[in-house]
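See below for the structure under consideration.
Chain letters run A, B, ... following the sequence lines, proteins first, then strands; residues in each count from 1.
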Amino acid sequence: MSKKQNEEAHNGGDTQNAEITRGKKRKRKGGDAGVDLRKGAGKVTKFDDGGKQPIEEVLSAVPTTSTKTPKPTEPKSFSRVEEGEAPEVEQRLKGPRPDQPRGKYEKRPENVRDDPEQQREQPKKALSRPRKTPNGEQTTHRSPYLIKKRDELLPKRKALPIWSQADAIRQRLRENNVLVLTGETGSGKSTQVPQFLQSEDWCTKTIAITQPRRVAAISLARRVAEEMGSLFGAQSPAAKVGYSVRFDNAAGPNTKIKFLTEGMLLQEMLRDPDMKQYSAVVVDEVHERSVNVDLILGFLRNLVSRIGRGKGVRKHPLKVVVMSATADVEGLVNFFAEGLDEDLKAPETSGGPTTVSQAARDRISTCFVEGRQFPVKTTYLPEPTLDWVESALKIIFQIHYKEPLPGDVLVFLTGQDKIEALEKLVNDYAAAMDKDMPKLLALPLFAALPQQAQQRIFQPTPYRTRKVILATNIAETSVTVPGVRFVVDCGKSKIKQYRSNLGLESLLAKPISKSAAIQRQGRAGREAPGQCYRLYTENDFKTLEERTMPEILRCDLSQSLLTMKARGVNDVLHFPFLDRPPRETLGKALMQLFHLGALNEDGTVNDLGIKMAKLPVTPTLARIIVEAAKPEHDCLHDVIDIISALSTEDSIFFNIATEEKRERAEEARRNLYRREGDHMTFLVTVQQYAEEQTDRKAWCERHFVSHRAMQSVMNIRKQLRQQCTQLKLLSSEAPTSSSSPNTDAILACILRGFVSNTARLCPDGSYKTFFHNQLVAVHPSSVMHGRKIKAEAIVFSEFLFTNKSYAKKVSAVQMNWVGDVMKEVVPM
DNA sequence: GAGCACTGC
């Protein structure tokens with residue numbers, strides 16, 4: 001079996017590529033879309049549960065009667081433009097109240113990931129009105145506008161399911177220090193719980209509330225400020241509500257409620273391990289189980305149990321609220337109760353068999369709040385399909401022909417390739433539809449899509465049109481698509497898996513979990529009763545894993561372990577993990593940190609490691625930064641430029657679709673490319689971009705460079721310069737002279753971080769890694785790809801497995817340099 | 001000459 005086939009078998013017969021090609025051919029050959037679709041329509045008819053019209057009939061002769069309900073659809077989006085709430089808040093509340101239509105803000109595309117520039121602007125806009133008080137005073141939360149807004153919002157708050165539980169929640173937190181709150185979608189927990197708590201006697205300081213995503217943190221802060229009739233952000237010292245996300249800290253001295261991203265709270269924990277500035281920490285969206293949330297929960301468990309033992313320095317004990325949408329209450333209660341139990345045990349017995357005492361369990365409060373969600377009818381495929389792109393296509397048209405407007409369709413697919421394939425098919429077949437039919441508008445949605453294209457899903461639907469949103473996982477949690485009544489779920493998603501034995505990550509399409517399937521299904525019932533079509537059988541559903549494997553079990557842990565070590569958790573093997581990662585993964589991460597020089601012989605963290613932990617990059621990149629600051633290299637400014645380019649998520653040199661354009665791009669980029677490799681190419685690109693003072697956007701267009709990526713690079717560069725100055729690695733934030741870069745020094749530093757990512761040239765022209773003797777190919781996106789004269793050795797900063805092992809972001813190095821670094825790392 | 005889901009400091 002070839003590697004490729006092996007992968008496919010692994011993915012559960014994922015043969016879409018072949019199928020798509022076939023579809024394209026058919027289209028070319030036949031020309032008549034309707035005819036083609038009928039050929040393979042057998043499967044879909046079985047979807048019909050009530051003797052409804054099979055798709056082939058629908059498509060071959062569309063009687064106008066089959067479109068019975070489509071009354072001239074008033075463009076629904078206009079009809080709802082009256083009242084409402086900020087979309088991001090809706091997004092958090094997960095599910096509109098039946099009595100409240102979605103509002104005008106809903107059309108604003110803010111719940112798609114914003115770029116940092118935009119995010120900085122938003123709070124200012126929100127503040128501009130109250131600031132303009134007649135007497136021009138530096139306004140306060142007493143502004144009439146704010147008060148009016150607050151009073152307007154109060155009835156809506158009272159209508160939330162969680163409102164009636166306010167007293168119960170307060171009471172339980174008076175009794176105990178930990179509360180596990182399960183709130184279904186639409187319960188209002190994220191906005192209300194901090195407000196319920198802020199007037200409590202024990203609440204003398206700030207309440208922190210964490211969110212997995214930046215947009216959520218900012219928009220929730222804005223919403224809660226409105227509800228409280230307060231300003232928000234750092235602009236006014238009077239603001240009671242603030243937020244803190246990367247690149248944007250907007251918390252003032254009087255901030256009572258502070259929304260922050262999980263990563264930000266972890267960074268704060270490094271500086272203030274006892275969390276002295278907080279009276280309570282609310283951890284929201286725990287069910288998403290990000291690595292960061294698992295770390296936070298572990299730290300908090302240690303903190304509450306230590307304080308429970310009476311060793312805390314606080315006047316009031318820290319209160320912890322853990323909020324989750326799904327009901328793994330038992331697990332969370334046991335987790336915290338176990339911590340209280342361990343306080344009573346001798347240290348050596350901790351981590352032993354986990355029988356949790358009832359006394360400890362009684363000290364953890366629980367609370368359940370129902371949500372608001374419309375019923376969703378679920379239909380399964382009667383038998384499995386190998387080609388769910390085609391199945392999805394049929395279902396889309398079946399819905400379109402059978403179901404009245406309004407009601408958009410949301411299709412969950414695995415990735416960009418499938419989305420684009422299906423988009424084309426939908427457009428092709430839609431073009432062949434009867435003219436009397438309402439139109440279909442296919443809209444792709446994935447993170448790599450440019451902002452503007454993403455925002456199209458929020459634009460009003462044109463007259464007599466049904467939107468079909470073709471989305472990745474992004475629509476499962478991060479983006480709420482309005483207007484959806486039908487969900488089509490392919491049952492798969494791409495999952496990142498870390499292979500600790502090889503030290504590389506791979507991305508494979510795998511079956512989703514039951515909880516993810518339910519989450520997807522729920523997307524159909526947010527505005528009205530909906531329907532969900534699963535492109536797999538009911539039996540398949542039963543065999544799915546109960547829940548998605550937490551990220552901490554599938555990723556490289558070196559960064560997490562460094563954070564733990566830097567926060568004083570030395571014995572990471574006995575850290576209270578909600579799910580304990582495999583021992584090999586932990587061991588591998590410890591070895592890596594040791595090789596990077598962040599740990600002492602005995603495994604304790606050293607000064608270097610503490611510095612590395614405070615830098616917002618992976619330990620490897622942090623090590624390179626620290627190395628570059630050494631006087632013998634003295635190239636930190638240049639290295640920061642390169643690291644900024646390496647750590648931005650979207651690629652600077654984007655891919656170009658057409659052959660002809662590609663040639664022009666290569667030509668335009670030629671003066672940026674460096675023969676030393678990709679890292680020096682990044683350096684030149686960043687520096688030339690930074691030097692461009694007049695029109696950076698035009699510069700990017702001229703050089704076929706992504707402007708969005710470069711803006712992000714500049715943000716990271718600025719932050720790294722600041723932090724390196726604070727850590728005394730850098731004497732001034734701006735480089736003093738602009739001498740030409742010292743390539744050898746820079747590559748030596750990169751080598752120090754990426755020792756294990758090195759390969760030597762073999763006689764047959766291939767590369768094999770020094771450590772594992774594994775064959776790697778230079779990725780075609782590298783400037784080093786296809787060189788006639790090959791370097792004797794390479795270092796690469798990405799190692800990717802798809803159908804073979806690829807080295808991405810590659811630089812040429814000399815054999816003896818690698819030897820020198822290896823001697824330092826693994827002394828013989 | 002390949003192809004990358006989604007977050008976050």
How would you label the contact of A:Ile495 with the nucleic acid (heavy atoms, under 4.0 Å): base, sugar-phosphate, or nothing?
nothing
| request: State whether A:Glu627 and A:Arg623 are salt-bridged, where the test is any N-O pair (Lys NZ or Arg NE/NH1/NH2 against Asp/Glu carboxylate O) under 4.0 Å. | output: yes
Whole-Å distance, A:Arg717 CZ to B:dC9 C1', equals 19 Å
Residue set satisfying ring pair (Phe, Tyr, Trp, His ring centres under 6.0 Å) with A:Tyr278, at least two apart, ordered chain then number -> none
Here the distance between atom P of B:dT7 and atom CD1 of A:Ile552, to the nearest Å, is 20 Å
Of the listed B:dC9, B:dT7, B:dC6, the closest approach to the A:Thr472 side chain comes from B:dC6
- Item | Check ion pair A:Asp579-A:Arg289 (N to O, under 4.0 angstrom) | yes
Here the distance between atom C1' of B:dC6 and atom CZ of A:Arg289, to the nearest Å, is 17 Å
Heavy-atom nearest pair, A:Met612 first then A:Val626, reads CG-CG2, 4.1 Å
Of the listed B:dC9, B:dA2, B:dG1, the closest approach to the A:His785 side chain comes from B:dG1
The salt bridge (Lys or Arg N to Asp or Glu O under 4.0 Å) partner of A:Glu268 among A:Lys258, A:Lys614, A:Arg567 is A:Lys258
Across all chains, not counting sequence neighbours, the side-chain hydrogen bond (donor to acceptor under 3.5 Å, both in side chains) partners of A:Tyr673 are none
Here the distance between atom P of B:dT7 and atom CG of A:Asn473, to the nearest Å, is 10 Å
Among the nucleotides B:dC9, B:dC6, B:dA2, whichever has the atom closest to the side chain of A:Met264 is B:dC9
Rounded to whole Å, the CD-P distance (A:Gln416 to B:dC6) equals 9 Å
In numerical order, the residues of residues 617-625 of chain A whose heavy atoms come under 4.0 Å of DNA chain B are A:Val617
Quick note, A:Gln559 side chain, CB onward, closest among B:dG8, B:dT7, B:dA2 is B:dG8
Considering only heavy side-chain atoms of A:Arg214, the closest of B:dG8, B:dA2, B:dA5 is B:dG8
Per atom distances to the A:Arg246 side chain, the nearest of B:dA5, B:dC9, B:dC6 is B:dC9
To the nearest angstrom, the CZ-P distance between A:Arg787 and B:dG1 comes to 15 Å
To the nearest angstrom, the CD-C1' distance between A:Gln267 and B:dC9 comes to 5 Å
To the nearest angstrom, the CG-P distance between A:Leu265 and B:dC9 comes to 12 Å
Of A:Gly415 and A:Ser781, the one whose closest nucleotide on DNA chain B sits nearer the 5' end is A:Ser781
Per side-chain contact (heavy atoms from CB on, under 4.5 Å), A:Leu295 is matched among A:Met564, A:Gln559, A:Glu262, A:Met269 by A:Met564
Heavy-atom nearest nucleotide on DNA chain B taken for A:Glu262 and for A:Phe446; more 5' hit belongs to A:Phe446
- Under 4.0 Å between a side-chain N/O of A:Thr261 and OP1 or OP2 of B:dC9, yes or no? yes
May I ask you to test the A:Val281-A:Leu303 pair for a side-chain heavy-atom distance under 4.5 Å?
no
